2 protein chains.
Amino acid sequence: MRPTVHDIAAEAGVSLATVDRVMNARPGVREKTRLKVEQAIDKLGYVRDVAAANLAKGRTYPFTFILPCNENAFMADLRDAVLQANARGRVERTQISIVDVPAFDAEALAEALLAAGEGNPAGIAVVAIEADPVREAVRQLTGRGIPVVTLVSDLEDSNRDHYAGVDNPAAGRTAATLLGRFVSPQKGTIGVLAGSLSVRDHQNRFSGFCEIMAAHFPELTILPPMEGRDDSALARKLVSEAVEAHPDMIGLYSLGAGNRGLIAALEEARARGRELVTIAHELSDHSREALEAGLFDVVLNQDAGHEVRSAIRVLKAKADGLEVIAAQERIRIDIFIKDNLP
Amino acid sequence: MRPTVHDIAAEAGVSLATVDRVMNARPGVREKTRLKVEQAIDKLGYVRDVAAANLAKGRTYPFTFILPCNENAFMADLRDAVLQANARGRVERTQISIVDVPAFDAEALAEALLAAGEGNPAGIAVVAIEADPVREAVRQLTGRGIPVVTLVSDLEDSNRDHYAGVDNPAAGRTAATLLGRFVSPQKGTIGVLAGSLSVRDHQNRFSGFCEIMAAHFPELTILPPMEGRDDSALARKLVSEAVEAHPDMIGLYSLGAGNRGLIAALEEARARGRELVTIAHELSDHSREALEAGLFDVVLNQDAGHEVRSAIRVLKAKADGLEVIAAQERIRIDIFIKDNLP
DNA sequence: CTGTTAGCGCATTCAA
DNA sequence: TTGAATGCGCTAACAG
């Protein structure tokens with residue numbers, strides 16, 4: 001049998017309460033006593049039974065998820081995933097409250113973070129925006145011992161506890177290699193459609209994309225990126241015009257959301273006899289259909305469900321002061337073609 | 001607060017013990033009483049606290065994993081993943097014993113399954129072989145209420161509780177599309193290296209591969225598959241000879257293990273000025289290097305860690321009579337190129 | 001500073 | 001056929 005608190009207490013010659021104090025780093029224990037207990041703990045190889053501990057504590061984990069009120073399918077998926085996780089909260093002992101913030105508004109986000117902190121949640125997950133006020137808010141929270149996990153979009157140079165999202169420069173590089181090889185050996189121009197290049201994720205993807213294109217596909221010219229602002233109509237217009245304006249355009253990388261408009265534009269182009277090798281992000285009903293119809297050639301995806309579950313696991317672990325299994329928490333860049341659709 | 005057994009007992013006007021009997025479908029309860037309790041349960045929306053239940057039971061889950069003693073990197077990974085999971089068994093309340101069986105030996109596997117069942121484990125995971133004795137053994141086990149999960153390789157027409165592995169025909173189709181597009185617009189022949197076509201997984205991959213090749217890349221000719229028997233030296237020899245014999249061979253799909261020998265052969269070919277678009281399976285140190293060196297173009301992968309953890313989660317859920325979250329348990333076909341390596 | 005004690009939600013003897 | 005009592009491993013008042 002694995003050792004219990006009783007065994008530790010006996011071994012150390014103290015009471016249960018003292019063992020508990022030591023284990024939870026609570027004050028009111030002489031240094032000497034603490035040492036005895038700690039020795040007993042690793043002599044017996046004690047590991048605390050978290051389930052039992054939580055039972056005793058009647059513990060539930062109140063988490064706060066701060067999400068942008070964006071309209072695209074991915075954010076909807078993300079929200080869904082959070083709601084679903086919360087639905088299973090009865091048994092997982094988590095209780096998640098979602099806080100909505102306006103998209104792309106750093107000030108509002110910073111405020112929301114601080115406000116969330118007031119409720120003393122067991123942890124906070126946030127779709128970050130790269131900005132100093134946000135960084136500062138996160139610093140305050142972690143300083144107060146509240147675990148913070150960035151979700152989907154990271155916050156560099158902050159001391160967030162964990163980032164639950166993909167490596168975006170790598171996503172851009174992946175897109176470049178696939179696009180380059182698919183169009184090869186044709187020469188021509190490649191369009192890029194972003195949501196907004198003021199968003200960090202999109203920046204990162206774009207730079208990764210350009211890096212590989214420049215290095216390995218010099219015969220392909222990247223057109224200046226279009227900014228569709230995740231707006232369906234705008235994206236459609238931009239892409240249609242670009243296809244028209246560049247008869248030598250043979251490929252397209254859409255690194256943001258706004259697949260609907262993009263798909264419409266590609267259908268138009270196809271009707272006029274133009275076929276573009278196209279790589280887009282985020283698997284949704286629309287992008288899946290586009291893949292099956294051959295309008296998209298590749299979809300790069302981050303699994304919202306995985307990200308949310310990972311964030312929760314990490315938050316729980318941090319709240320309990322446990323280690324996280326890094327390998328299990330790495331969020332992959334999924335590559336989908338029509339043949340490996342889930 | 002969520003309702004507890006006490007609330008149910010009070011609501012139904014019976015004792016805790018009776019509630020327990022009803023919940024665990026144990027005998028010795030009058031039909032009428034049972035009904036009262038059941039009504040109380042869904043009136044209050046009771047869901048049992050599994051953690052508390054396990055604590056009370058002092059429950060641990062003794063699982064048996066039956067693995068082939070194969071020498072390839074993937075199987076080693078799989079074994080590692082099981083050992084690692086077992087190491088965390090103290091806190092997960094699992095205790096896994098590994099049973100080794102000779103590779104590709106259906107009789108031995110069937111025997112091992114039956115033997116494992118004697119120990120009355122809480123569940124069994126097995127790398128299946130498609131054969132009737134195996135099917136029969138699985139049927140017996142599940143008939144006795146022991147949950148059985150197939151791992152990596154499924155067992156069709158058996159009543160195993162779950163399959164923790166990838167969709168192999170889809171893997172083959174994926175390889176075909178990528179290979180076809182990468183070599184395009186060249187014409188030529190494509191080599192196929194299998195471990196053994198008597199293994200179900202390999203068969204499935206091969207047929208998926210041929211299906212797409214025939215449908216979409218008629219200008220490419222698939223050579224008769226080579227069988228490397230997961231033997232490094234043999235694989236090397238076969239591939240080298242094939243490259244030599246077919247000057248028009250421009251692509252290669254390796255759908256089994258034996259990457260070492262394959263890589264050596266590709267290096268030789270490269271030294272002689274021959275470059276083949278190559279797609280292989282399973283990410284390992286060797287295949288990763290090959291990817292980085294440009295010897296492999298794509299590696300399709302199944303994550304052994306995910307598969308094992310998934311198998312354990314499912315086994316636990318089945319043992320507890322709980323639902324599994326299907327979406328979380330689907331094992332992906334990971335596509336790796338040099339840019340999205342983990 | 002340290003120990004005693006009473007639960008957390010559930011399963012399980014042992015009586016009745 | 002049912003109920004009362006005890007304990008799983010741990011935490012948290014409340015006393016000393």
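Residue numbering restarts at 1 for every chain, and letters A, B, ... go by the order of the sequence lines. Given the structure is predicted, the values throughout are model-derived calculations rather than measurements.
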Quiz item: What one-letter contact string describes nucleotides 8-16 of chain D from 5' to 3', where B marks a base within less than 4.0 Å of any protein heavy atom, S marks contact via sugar-phosphate atoms alone, and - marks no contact?
Solution: BBBSB-B--
Self-check item: Results of side-chain contact (heavy atoms from CB on, under 4.5 Å) for R59(A) - residues two or more places apart only
Solution: N54(A), K57(A), Y61(A), A122(A), A319(A), D320(A)
Practice problem: Could you tell me the separation between the CD1 atom of I8(B) and the C1' atom of dA11(C), rounded to a whole number of Å? | Solution: 16 Å
Practice problem: Measure from the side-chain N and O atoms of D161(B) to the backbone N and O of V148(B), and report whether any donor-acceptor pair falls under 3.5 Å. | Solution: yes
Quiz item: What integer distance in Å separates L35(A):CG from dT2(C):C1'?
Solution: 17 Å
Quiz item: For T18(A) and dG3(C), is the shortest distance between a side-chain N/O and OP1 or OP2 below 4.0 Å?
Solution: yes
Quiz prompt | Pairs touching residues 7-26 of chain B that satisfy salt bridge (charged side-chain N to carboxylate O under 4.0 Å, His left out), sequence neighbours left out | solution = E11(B)-K43(B), D20(B)-R26(B)
Quiz item: Looking for any heavy atom pair under 4.0 Å, which part of the strands does V19(B) touch: base, sugar-phosphate only, or nothing?
Solution: nothing
Quiz item: Do any side-chain nitrogens or oxygens of S15(B) fall under 4.0 Å of OP1 or OP2 in dT2(D)?
Solution: no
Exercise. Would you please test E156(B) and R135(B) for salt bridge (charged side-chain N to carboxylate O under 4.0 Å, His left out) and show each step?
Key: CA-CA 8 Å; E156(B) 280 159 34; R135(B) 247 182 290 274; over 6 Å; no
Quiz item: So what is the end-to-end bend of the helix from dC1(C)-dG16(D) to dA16(C)-dT1(D), with 5 pairs used at each end and the value given to 10 degrees?
Solution: 40°
Quiz item: Quick one: side-chain contact (heavy atoms from CB on, under 4.5 Å) partners of I66(B), sequence neighbours excluded?
Solution: T64(B), V99(B), V101(B), L109(B), A112(B), L113(B), A116(B), I124(B), V126(B)
Exercise. Could you tell me whether the side chain of D77(A) and the main chain of A304(A) form a donor-acceptor pair under 3.5 Å?
Key: no
Practice problem: Please check if the side chain of N86(A) supplies one atom and the backbone of I96(A) the other of a donor-acceptor pair under 3.5 Å. | Solution: yes
Quiz item: What residues, two or more places apart in sequence or in another chain, satisfy side-chain contact (heavy atoms from CB on, under 4.5 Å) together with D154(A)?
Solution: T150(A), R160(A), Y163(A)
